Amino acid sequence: MRDFYLMVDCNNFYASCERVFDPSLEGKPVVVLSNNDGCVIARSNEAKALGVVMGEPAYKREAFFSRSGVHVFSSNYALYGDMSARVMRILAGFSEEAEVYSIDECFLLLRGFSSASLLRTAKEIRRTVRQWTGIPVCVGIARTKTLAKIANRLAKKESGDGVRLLEDEEDIDRVLSGLETGDIWGIGRRSARRLGDCGVRTALELKGRDDDWVRRHLTVTGLRTVLELRQIPCIALEDAPPPARSLVCSRSFGTRIENLASLEEAVSAYVQRAGEKLRRKGLVAGAVQVFLETNRFQPGPQYAGSRCRALPAPTADTLALHGPALEILRDIHKPGYRYQKAGVILQDLSPATGRQLSFLEPHGEEKTRRDALMRVMDRINTVHGRGTLTLAASGLGKKEWHMRQERRSPSYTTSWAELPVVH
DNA sequence: TCTGGGGTCCTAGGACCC
DNA sequence: TCTGGGGTCCTAGGACCC
């Protein structure tokens, strides 16, 4: 009777979401593309079997997709985000200690369960999520989060009931001996290659290295990972997410942009979106950063510029963020390049309430009016759709910088206009 | 023509302090 | 020949995650 981590991971999540609302896709190859229809970021099992690779540029595979009957979707984050929230709500019903780790993954901590009851609970989780949302999930169970991630891999790979418990030391070692270091949670490509140069190729070999050696080669984070392979919990459950430190809004452009005016429109739009996110979280930003870059995959001259500027006073007011952001853009912009991407990063975030005020920021009646303006904008954009009310600076005409989304499914669950119709 | 977006953490090195 | 020890803060860059 010990504490166990369950790693619940939705299978091929984005592809599964598309399938929930179009059951005719069941059994057929489905892929979902990144923003801008750039590269493949999700694949159904059938698409994997056809050899479609994660991260592959979509344009290289267009012909293959249509030849092989692959169903291709632009990513639809409104839909995936809403489906994710539904899944997470169900999972929270199985443990008070839950960490939503990503849009499609959740750790649950179960205390004082026997092996038999753990497996029973895990199967019930799968059944419930499937029945209530239509999303298939797999569950990995172990004494540490790192091993639970590995157990989840096994649950997906081994043909079985989608549940895998990794507890017995011999079983763990057998599994680790067949696992490359790069497949361990927390060991990336770079570290895996360096480890390989030292003759460490499998997770079992890494587990056997002494602590000092690991610390020297992988720093303290690597040591924590190795201890977790030895069933010593080092990475705690984060059931209350730490306050955000920064916030980003960035996009690749639909076409390459050369002229400053279009870049200004794009950055203007990103500032507005970043401001919305900031206010929704109840935060203010102390500094704003803007970056701009060319397409590093293309031949030709490359340039990347970035600069951060402290604001006179922390704010969540789009108008107060907008001016400095555009000034930075004009500073870092160099003519003659074909830009591919730009972004706005808000830094030094802090809670909007209960902070020291400054004489430099709006106060009294002016502040009340500005806050009210932001609230009205957010409200209108929530009710009538994002972008209903915007700064004129983000452009009134055709927006050449807009990302491509040529194959997006409807926002079935988050937009009245796009509700599915039942015949 | 066409290659995503949004985050966190750690370390090293410099500036500065007593 | 000899040139301390200990600390903080900041930033840039690297690595990792999904």
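Here the structure is a predicted model, which is why all the values come from computation and not from measurement. By convention in this document, chain letters (A, B, ...) are assigned in the order of the sequence lines, proteins followed by strands, and residues within each chain are numbered from 1.
- Atom CG in A:L33 sits about 16 Å away from atom C1' in B:dT1, given to the nearest Å.
- Computed from coordinates, the A:I235 CD1 to B:dT8 P distance equals 17 Å when rounded to whole Å.
- Between A:K60 and A:C249, it is A:K60 whose nearest contact on DNA chain B lies nearer the 5' terminus.
- Candidate nucleotides B:dG4, C:dC18, B:dG7 were compared by shortest atom distance to the side chain of A:S102, and C:dC18 ranks first.
- Rounded to whole angstrom, the span from the OH atom of A:Y339 across to the P atom of B:dT3 amounts to 17 Å.
- Closest to the side chain of A:S34, from the set B:dG4, C:dC17, B:dT3, is B:dG4.
- As rounded to whole Å, 18 Å separates atom P of B:dT3 from atom CE of A:M54.
- Side-chain atoms of A:V220 lie closest to B:dC10 of the nucleotides B:dT3, B:dG7, B:dC10.
- When each of A:V248 and A:R256 is assigned the nucleotide of DNA chain B bearing its nearest heavy atom, the one mapping closer to the 5' terminus is A:R256.
- Side-chain proximity of A:S191 to C:dA15, B:dT8, B:dC9: nearest is C:dA15.
- Side-chain atoms of A:S68 never come within 3.5 Å of backbone atoms of A:F65 as a donor-acceptor pair (strictly under, hydrogens ignored).
- With a 4.5 Å cut-off on side-chain heavy atoms, A:E97 and A:R111 count as touching.
- The pair A:D171-A:R174 counts as a salt bridge, with a side-chain nitrogen and a carboxylate oxygen less than 4.0 angstrom apart.
- Between A:Q340 and B:dG4 there is a side-chain N or O to OP1 or OP2 distance below 4.0 Å.
- On the C1' atoms, B:dC17 is 15 Å away from C:dG4, given to the nearest whole Å.
- The side chain of A:R194 sits closest to C:dA15 out of C:dC17, C:dA15, B:dT3.
- When distances run from any side-chain atom of A:R245 to the nucleotides C:dC18, B:dT8, C:dC16, the shortest one goes to B:dT8.
- When each of B:dC2, B:dG5, B:dT11 is scored by its nearest atom to the side-chain atoms of A:R404, the top-ranked nucleotide is B:dC2.
- Rounded to whole Å, the distance from CZ on A:F297 to P on B:dC2 is 12 Å.
- At whole-Å resolution of the value, CG in A:L218 and P in C:dA15 are 12 Å apart.
- In this structure, A:R61 pairs ionically with A:E56, as a charged nitrogen and a carboxylate oxygen lie closer than 4.0 Å.
- Under the 3.5 Å distance criterion, with hydrogens and angles disregarded, no donor-acceptor pair is assigned to the side chains of A:Q340 and A:E293.
- Checking C:dC18, B:dG4, C:dA15 against the side-chain heavy atoms of A:Y77 singles out B:dG4 as nearest.
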